[in-house]
Amino acid sequence: MATGTNRIMMVMQHDNETTGHSEIAYKMTVTDRDLLLTQGGGPGGMDKYADIEVWPWQGYLGKGDFDSKCPSVSASGSNFVVVYMSNRNGNWDIYCSYSHDDGESWSESVVVSSAYDEMYPAVYIIGNAVYCTFIKEDGNLYLVKSEDGGATWGEPVKINDADGTVVKEPRAVDVTGAGIVWVDTRNGNYDIYYSPLPAPKIEISITGGFGVKATIANTGSETAKNVDWSMDLSGLVFVGSHSEGTIDELAPGESVEVGPGFVFGFGPTTITVTAEGKTFTASGFILGPLVLGL
């Protein structure tokens, strides 16, 4: 189950007795509380938006003359992604069904396909960035990323550092913004292992002296792109009270100095720097072009 801004989605594996194949079924309803609490509107007097039997949006994904199993769903805003394993090419591969309009329309992409079995996926989306994990038949765990909401995918990256020890079972792996967890047998029994999600990590520091500047550093494991930043100085500041800009790319381990450079003012000040949604503040004293006490 996943909750976006406007809709809630539930996915499940449906074993179709008529066709003899498994497929992915989904149901969706609204997040609007007033609609959810509105009684009736559905067949037999059922609540149209609250009773799951009659949720307004429902259908099938990964359906055909093949099997689709073990779905995982995630949502961000109006973007929904569902990943699952499918054997339409003769062995298990990972597919993605994605919607950028709250489930009104759906498209499909191939996450990973090879001569080997890729199984038991899990998915996490934030904005347009999608992270999908899966277990390969050799007992290793992989992560693959999409930067366009699930339409296209990059190359898989191996996550576990002990070869062939990941448990090959449904729900043996999960991924969220906090990282990746999985079941591992490297010590001879079932243990839980963790790895952080590869992502940029922005750190901010502020220095004074003649003028003021901020250092924006990427201490994460992926390149940060289009990093918007701003700096504001409170108090009696005549020159340099506000500055802003965008860093096109900031690779892991790199840092950039930003700010107005020259300032002129008198009295106490609070300096606030924001970058990539992160805020850092420092207090000091402005004496003409000097910023002291940081």
Side-chain angles (χ1 to χ4, degrees), residues 1-4 7-29 43 52-76 78-125 128-156 166-175:
M1 193 175 217
T3 302
R7 292 185 184 172
I8 302 167
M9 182 176 188
M10 177 181 286
V11 297
M12 62 219 77
Q13 176 182 319
H14 175 235
D15 299 326
N16 192 319
E17 295 180 355
T18 301
T19 65
H21 292 290
S22 299
E23 57 211 16
I24 309 305
Y26 74 89
K27 287 175 172 280
M28 302 186 79
T29 190
I52 190 172
E53 295 94 333
V54 292
W55 280 5
W57 299 274
Q58 48 191 302
Y60 294 96
L61 306 170
K63 183 176 182 177
D65 189 22
F66 49 82
D67 291 318
S68 295
K69 296 186 174 184
C70 298
S72 176
V73 60
S74 186
S76 179
S78 60
N79 292 341
F80 283 80
V81 287
V82 181
V83 296
Y84 46 90
M85 51 190 281
S86 180
N87 64 357
R88 64 189 70 183
N89 292 322
N91 63 295
W92 293 112
D93 299 317
I94 307 299
Y95 285 80
C96 173
S97 292
Y98 61 94
S99 172
H100 297 164
D101 56 7
D102 283 321
E104 291 290 344
S105 61
W106 290 91
S107 300
E108 187 180 78
S109 62
V110 180
V111 179
V112 61
S113 177
S114 74
Y116 303 96
D117 284 336
E118 291 93 12
M119 303 170 287
Y120 313 124
V123 70
Y124 167 71
I125 182 174
N128 286 316
V130 190
Y131 300 86
C132 177
T133 58
F134 62 90
I135 305 169
K136 209 165 183 176
E137 68 176 45
D138 59 2
N140 290 314
L141 173 64
Y142 290 84
L143 174 72
V144 60
K145 182 179 179 182
S146 169
E147 295 184 348
D148 52 14
T152 60
W153 296 85
E155 291 297 319
V166 178
V167 173
K168 294 179 288 185
E169 293 179 1
R171 296 175 296 281
V173 60
D174 200 7
V175 56

Please find the pair of heavy atoms, one from [X] and one from [Y], that lie closest to each other, and give the distance.
X: V130; Y: G150; answer: CG2-N, 3.7 Å
X: I52; Y: M10; answer: CD1-SD, 3.4 Å
X: Y120; Y: C70; answer: CD2-SG, 3.8 Å
X: E53; Y: Q58; answer: O-NE2, 4.1 Å

Kindly write out the residues that satisfy ring pair (Phe, Tyr, Trp, His ring centres under 6.0 Å) with [X], not counting sequence neighbours, or none if the list is empty.
X: Y98; answer: H100
X: F134; answer: Y142
X: Y60; answer: H14

Can you sort out the partners of [X] under side chain to side chain donor-acceptor pair (under 3.5 Å), two or more places apart, ordered by chain and number?
X: D117; answer: none
X: W153; answer: S109
X: N16; answer: E23

Point to revise | S74 and Y131: CA distance, side-chain angles, deciding distance, side chain to side chain contact (heavy atoms under 4.5 Å, CB included) verdict | key: CA-CA 10 Å; S74 186; Y131 300 86; over 6 Å; no
**Study point:** Y116 and D138, any side-chain heavy atoms less than 4.5 Å apart
**Key:** no
Exercise for review: Assess whether side chain to side chain contact (heavy atoms under 4.5 Å, CB included) is satisfied between S78 and D101, documenting all intermediate values.
Suggested key: CA-CA 5 Å; S78 60; D101 56 7; 6.0 Å; no
